[in-house]
Amino acid sequence: MATAGLTAAVLAFTGGGLTAAPATAAPRSTQAEAVPLSAELEKARAAQAEALYGDPAVRPMDERKTSLISLGDSEISDEGVGTYEPGTDGPDNWCHRSPDAAIHRTGIPADVTFNVACSGASTVNIRIGGTPQYADEPVQSDSLAVKARNTRIKQIVLVAGANDDLEFGPVITDCTVRWFTFQGACHPKYRPGWQERVDGLVPKVVATVGDLKTVMRQAGYADDDYQLVVMGYPSPLGPDIHDNPAFPGKLFGGCTGYDSDAAFARNYAVPTFEKGMREAARQAGATYLDASRLFQGHEVCMENTWARGLYVDLINPFPPDSNSVRQSFHPNKRGHGAFADCFTAVHRAGQEGVREASCADPDGAGRPELYELAWDDVFGPLQNEATGSCLDAEGASSRNGTAVGGWACNGERNQGWWLDPATRQLHPELTHDRCLDVPDGSYEAGAELVLWNCHGGGNQQFVRDSGTIRPAAASGLCLALAGGARPAHRRKSV
């Protein structure tokens, strides 16, 4: 039973609801006549048709093999896996495309899959009339034009933008070098101009999506004949590595860098980038897949990591140069498997009209889930009606055992929360790998709550009831702030 004192400072849930962007695809139309390709691209198309069908003819849409295709940069080319297709592992081409790339591993029924993404690509290497990245690499939109005429494309995945204004690779390199040379954290250098960088890349991604749509229209497709997905980026780094019971140390684990820089990457750099990519997809009329929380709990040096840490190839090339470290801080084979699960789920959701979704691993078990919502819309403050203070993760930390209490509301991520209606877990905005936890399931008045690894147990399950948050296993108790009415820092309790 709840005592009278427990209800004096009840928290009211003010987070956003779960919404899916409305479907806005153009009405389906009959196949239009394709625009003729240039002589060079027609030669490539005929050769591919010969390989696919045994002759170079262009087939009617309903007689073609079905296909999936990914375009973009290293995040989706499969840089970091370590096994690469011949001709893409140097010395004259470093696209680093792998047979383990996500597009080849989805559960979407398709006869063939294509990965034309290339490590280091920027939007200029993808757009119509753009610049080839290497002598033997066509512009990626040209590759799409060829494949769209030989197969019936069901899904296009675009992952791009990090090599434009953001210059994500050089930033991570600089932060790593600063750690090795004891120069101090890098985030004070990059945070002031980060939003401006994101603002600069948004119109370039919008234009790139527009070009891909043009390519498809010129190949005879209506806009609703296929799904065009723009995916954001997960953070490969996080600050909770010391909670890993098998933490190998930063140098041996490859998670080199300052903890504060890893927190900057997870809590600000990637979420800000995600908001920009979401806006680009919205403006361009593409489906948006938010992967910003997908690797949380699986960062470099965490248990079951989905990303490769610092890696130096001393053999290829030899002698070592800047290409020797290019595989660092990219998704590994397990990470691309997670991408593949998300692509499969978003394709199914797209058939139901969903145009915006997010992917995460809700309990760290390695089973990505698709949410038909945008993270920006669901995380919000939990505010105490009596004090006006907000539920706060102490010190903006997400380490296991972090105290949770009340603090003056400030809109920061350590005061953002989301109650998952499916799992009944209360996630902090800082990371999907942590949940609000009643230690040892001690449901007693005054029990102090903490953040802990999400595990789906009963002591991490809560329900919303008439403006209050209650433990699912002890609905007679409410989450409340102990102490007086001032909006000062206090421990969270039941």
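The first residue of the sequence shown is numbered 1, and numbering continues consecutively from there.
In this structure, the separation between CZ on Phe264 and CG on Leu237 is 11.5 Å, given to the nearest 0.5 Å. The structure places CZ of Phe462 at 6.5 Å from CG of Leu426, a figure rounded to the nearest 0.5 Å.
The main-chain N or O of Thr387 is found under 3.5 Å from a side-chain atom of Asn384 such that the two form a donor-acceptor pair. Between the side chain of Thr256 and the backbone N or O of Lys250 there is no donor-acceptor pair closer than 3.5 Å. In this structure, the side chain of Arg178 engages the main chain of Ala185 through a donor-acceptor pair within 3.5 Å. A donor-acceptor distance shorter than 3.5 angstrom exists from the side chain of Asn459 to the backbone of Val438, with no hydrogens or angles considered. At least one donor-acceptor pair closer than 3.5 Å links the side chain of Arg434 to the backbone N or O of Ser398. Not one N or O on the side chain of Asp100 forms a donor-acceptor pair closer than 3.5 Å with the backbone of Asp78. In this structure, Gln460 contributes its side chain and His455 its backbone to a donor-acceptor pair below 3.5 Å. Side chain of Glu372 to main chain of Val354: no donor-acceptor pair is present (N/O by atom type, distance under 3.5 Å, no hydrogens or angles). A distance-only check finds no donor-acceptor pair linking the side chain of Gln195 to the backbone of Thr272 [under 3.5 Å]. Remark: the backbone N or O of Asn267 is paired with a side-chain donor or acceptor of Arg413 at under 3.5 angstrom.
Between Arg278 and Glu356 there is a salt bridge, since at least one side-chain N of the basic residue sits less than 4.0 Å from a carboxylate O of the acidic one.
Among residues at least two apart or in separate chains, disulfide (SG to SG under 2.5 Å) pairs with a member in residues 351-380 are Cys342-Cys359. Pairs engaging residues 239-280 under the disulfide (SG to SG under 2.5 Å) rule: Cys255-Cys301 [sequence neighbours left out]. Sorted by first and then second residue, the pairs that involve residues 154-163 and meet side-chain hydrogen bond (donor to acceptor under 3.5 Å, both in side chains), not counting sequence neighbours, are Gln155-Gln227. Applying the side-chain hydrogen bond (donor to acceptor under 3.5 Å, both in side chains) test to every pair with at least one member in residues 357-367, sequence neighbours left out, gives these pairs: His298-Asp361.
Partners of Arg348 by side-chain contact (heavy atoms from CB on, under 4.5 Å), not counting sequence neighbours, listed by chain and number: Thr344. Remark: Tyr190 engages no residue in a ring pair (Phe, Tyr, Trp, His ring centres under 6.0 Å) (not counting sequence neighbours). With sequence neighbours left out, His427 forms a ring pair (Phe, Tyr, Trp, His ring centres under 6.0 Å) with His432. By the ring pair (Phe, Tyr, Trp, His ring centres under 6.0 Å) test, Tyr288 pairs with no residue at all, sequence neighbours left out. Legend: residues meeting side-chain contact (heavy atoms from CB on, under 4.5 Å) with Thr113, ordered by chain and number and at least two apart, are Leu68, His104. A search for side-chain contact (heavy atoms from CB on, under 4.5 Å) contacts involving Thr181 returns Val177, Gln183, not counting sequence neighbours. The side-chain contact (heavy atoms from CB on, under 4.5 Å) search around Val215 returns Ile128, Ser141, Leu144, Ala145, not counting sequence neighbours. By the ring pair (Phe, Tyr, Trp, His ring centres under 6.0 Å) test, Phe339 is found to be paired with Phe295, His336, residues two or more places apart in sequence or in another chain being considered.
Side-chain contact between Val404 and Trp417 is present, with heavy atoms from C-beta onward closer than 4.5 Å. A 4.5 Å side-chain heavy-atom check between Leu370 and Asp341 finds every atom pair outside the cut-off. Val159 is listed as a side-chain neighbour of Tyr233, based on a closest heavy-atom distance under 4.5 Å. In this structure the side chain of Trp306 reaches within 4.5 angstrom of the side chain of Asn332, judged on heavy atoms. In this structure, Leu451 and Pro428 have side chains that are in contact, with non-hydrogen atoms separated by less than 4.5 Å.
Atom CD of Gln351 has more than 12 heavy atoms from other residues, nucleotides or ligands within 6.0 Å. By the 6.0 Å contact criterion, NZ on Lys213 is enclosed, its count of non-hydrogen atoms from other residues, nucleotides or ligands being greater than 12.
Nearest heavy atom pair, residue Cys454 against residue Gln425, reads CB-OE1, 4.1 Å. Minimum heavy-atom separation, Ser292 to Trp375: OG-CD1, 4.0 Å. Of all the heavy atoms in Val171 and Arg197, the pair that sits closest is CG2-NH1, 3.7 Å. Contact record, Ser98 with Val81: OG-CG1, 3.9 Å, taken as the closest heavy-atom pair. Nearest heavy-atom pair, Gln140 versus Ala117, reported as atom, atom and distance to 0.1 Å: OE1-CA, 3.8 Å. Nearest heavy atoms, Gly184 versus Tyr258: N-OH, 3.1 Å.
A side-chain donor-acceptor contact under 3.5 Å links Arg326 and Ser119. Side-chain polar atoms of Ser70 and Asn115 form a donor-acceptor pair below 3.5 angstrom. Side-chain contact check for Ser442 and Asp440: no donor-acceptor pair (N or O, by modelled atom type) lies under 3.5 Å.
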Can you list the steps and then say if Met277 with Leu201 is a side chain to side chain contact (heavy atoms under 4.5 Å, CB included)? CA-CA 9 Å; Met277 294 294 284; Leu201 68 87; 4.1 Å; yes
Working note: Thr305 + Arg334, criterion side chain to side chain contact (heavy atoms under 4.5 Å, CB included); need CA distance, chi angles, decisive distance, verdict. CA-CA 8 Å; Thr305 179; Arg334 290 187 297 274; 3.7 Å; yes
I would like to know whether Lys275 and Asp376 meet salt bridge (charged side-chain N to carboxylate O under 4.0 Å, His left out); could you show each step before the answer? CA-CA 8 Å; Lys275 289 184 176 70; Asp376 296 340; 3.8 Å; yes
Stepwise salt bridge (charged side-chain N to carboxylate O under 4.0 Å, His left out) test for Asp259 and Arg399: CA-CA 12 Å; Asp259 287 355; Arg399 291 284 306 275; over 6 Å; no
Before you tell me yes or no, could you show the steps for Leu251 and Phe180 under side chain to side chain contact (heavy atoms under 4.5 Å, CB included), namely the whole-Å CA-CA distance, both residues' side-chain angles and the distance that decides it to 0.1 Å? CA-CA 10 Å; Leu251 190 59; Phe180 271 108; 3.7 Å; yes
Take Trp418 and Tyr371, measure what ring-ring contact (aromatic ring centres under 6.0 Å, His included) needs, and give me the verdict at the end. CA-CA 13 Å; Trp418 176 55; Tyr371 300 82; 5.5 Å; yes
Run the side chain to side chain contact (heavy atoms under 4.5 Å, CB included) test on Leu419 and Ile469 for me, step by step, so that the C-alpha distance in whole Å, both residues' side-chain angles and the decisive distance to 0.1 Å come before the verdict. CA-CA 9 Å; Leu419 181 60; Ile469 302 293; 4.2 Å; yes
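Applying side-chain contact (heavy atoms from CB on, under 4.5 Å) to Ile126 and the options Leu158, Val116, Val209, Val205 leaves one that passes, Leu158. Paired with Pro234 under the rule side-chain contact (heavy atoms from CB on, under 4.5 Å), one option of Arg266, Glu299, Arg293, Glu75 passes, and it is Glu75.
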